[in-house]
Amino acid sequence: MPNVTHCFAQVENLRKECRYPGAAPIFTTFWQQQPDPRVGWHLAFCQRQQGCLDQAKAVARKALELAPGDPYIQSELG
């Protein structure tokens, strides 16, 4: 079974390469399995880059509940 950290690093590379359509579904799976602020930020970022603004804001709000004051998450909310 693949290491979760290794899998996260691979999908993060997709995000860094601006391959948002490939990264977003994987971040969504991570987010649904266990909401984590870092995953939420990455997912919201990918969604925003694809023009899914309402979805991005919804995820960012939930992530901000888990990590109040996080500047990366706050940046997704404007």
Side-chain angles (χ1 to χ4, degrees):
M1 176 171 234
N3 178 309
V4 172
T5 303
H6 178 72
C7 291
F8 187 89
Q10 287 181 318
V11 72
E12 173 61 355
N13 285 336
L14 291 175
R15 185 191 69 84
K16 288 179 180 178
E17 294 168 359
C18 302
R19 294 168 58 192
Y20 309 118
I26 302 168
F27 282 129
T28 298
T29 298
F30 288 163
W31 180 249
Q32 290 171 342
Q33 289 176 350
Q34 184 174 353
D36 174 87
R38 185 174 76 153
V39 171
W41 174 76
H42 286 80
L43 174 56
F45 181 90
C46 290
Q47 290 172 327
R48 181 175 54 81
Q49 292 297 323
Q50 295 180 92
C52 302
L53 303 181
D54 291 340
Q55 291 174 328
K57 286 183 179 185
V59 170
R61 280 190 210 100
K62 176 78 172 171
L64 198 58
E65 289 176 13
L66 300 171
D70 184 289
Y72 294 102
I73 299 169
Q74 287 178 329
S75 72
E76 292 303 318
L77 294 171

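Computed from a predicted structure; not experimentally measured. Atoms considered below: every heavy atom in the structure, side chains included; atoms not considered: hydrogens, waters and symmetry mates.
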Common cluster, Ile26/Val59, ILVMFWY with side-chain heavy-atom separation under 4.5 Å: yes
Partners meeting side-chain contact (heavy atoms from CB on, under 4.5 Å) with Glu76 (sequence neighbours left out):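 Partners of Glu76 under the side-chain contact (heavy atoms from CB on, under 4.5 Å) test: Trp41, Ala44, Phe45, Arg48, Ala60.
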Of all pairs that satisfy side chain to side chain donor-acceptor pair (under 3.5 Å), the ones with a partner from residues 50-69, not counting sequence neighbours: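 Side chain to side chain donor-acceptor pair (under 3.5 Å) check on residues 50-69 returns no pairs.
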What side-chain donor-acceptor pairs closer than 3.5 Å can you find for residues 12-24, not counting sequence neighbours?
unit_1: Glu12; atom_1: OE1; unit_2: Arg15; atom_2: NE; d: 2.8
unit_1: Glu12; atom_1: OE1; unit_2: His42; atom_2: NE2; d: 3.1
unit_1: Glu12; atom_1: OE2; unit_2: Arg15; atom_2: NE; d: 3.4
unit_1: Glu12; atom_1: OE2; unit_2: Arg15; atom_2: NH2; d: 2.6
unit_1: Asn13; atom_1: ND2; unit_2: Ala9; atom_2: O; d: 3.4
unit_1: Glu17; atom_1: OE1; unit_2: Arg19; atom_2: NH1; d: 2.9

For residues 66-74, which side-chain N or O atoms pair as donor and acceptor with protein atoms under 3.5 Å away, sequence neighbours left out?
unit_1: Asp70; atom_1: OD1; unit_2: Tyr72; atom_2: N; d: 2.9
unit_1: Asp70; atom_1: OD1; unit_2: Ile73; atom_2: N; d: 2.9

Pairs meeting criterion salt bridge (Lys or Arg N to Asp or Glu O under 4.0 Å) with involvement of residues 22-38, two or more places apart: none
Side chains of Phe30 and Leu43 in contact at under 4.5 Å (non-hydrogen atoms):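 Counting from C-beta outward, Phe30 and Leu43 never come under 4.5 Å.
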Stepwise side chain to side chain contact (heavy atoms under 4.5 Å, CB included) test for Phe8 and Val39: CA-CA 9 Å; Phe8 187 89; Val39 171; 3.7 Å; yes
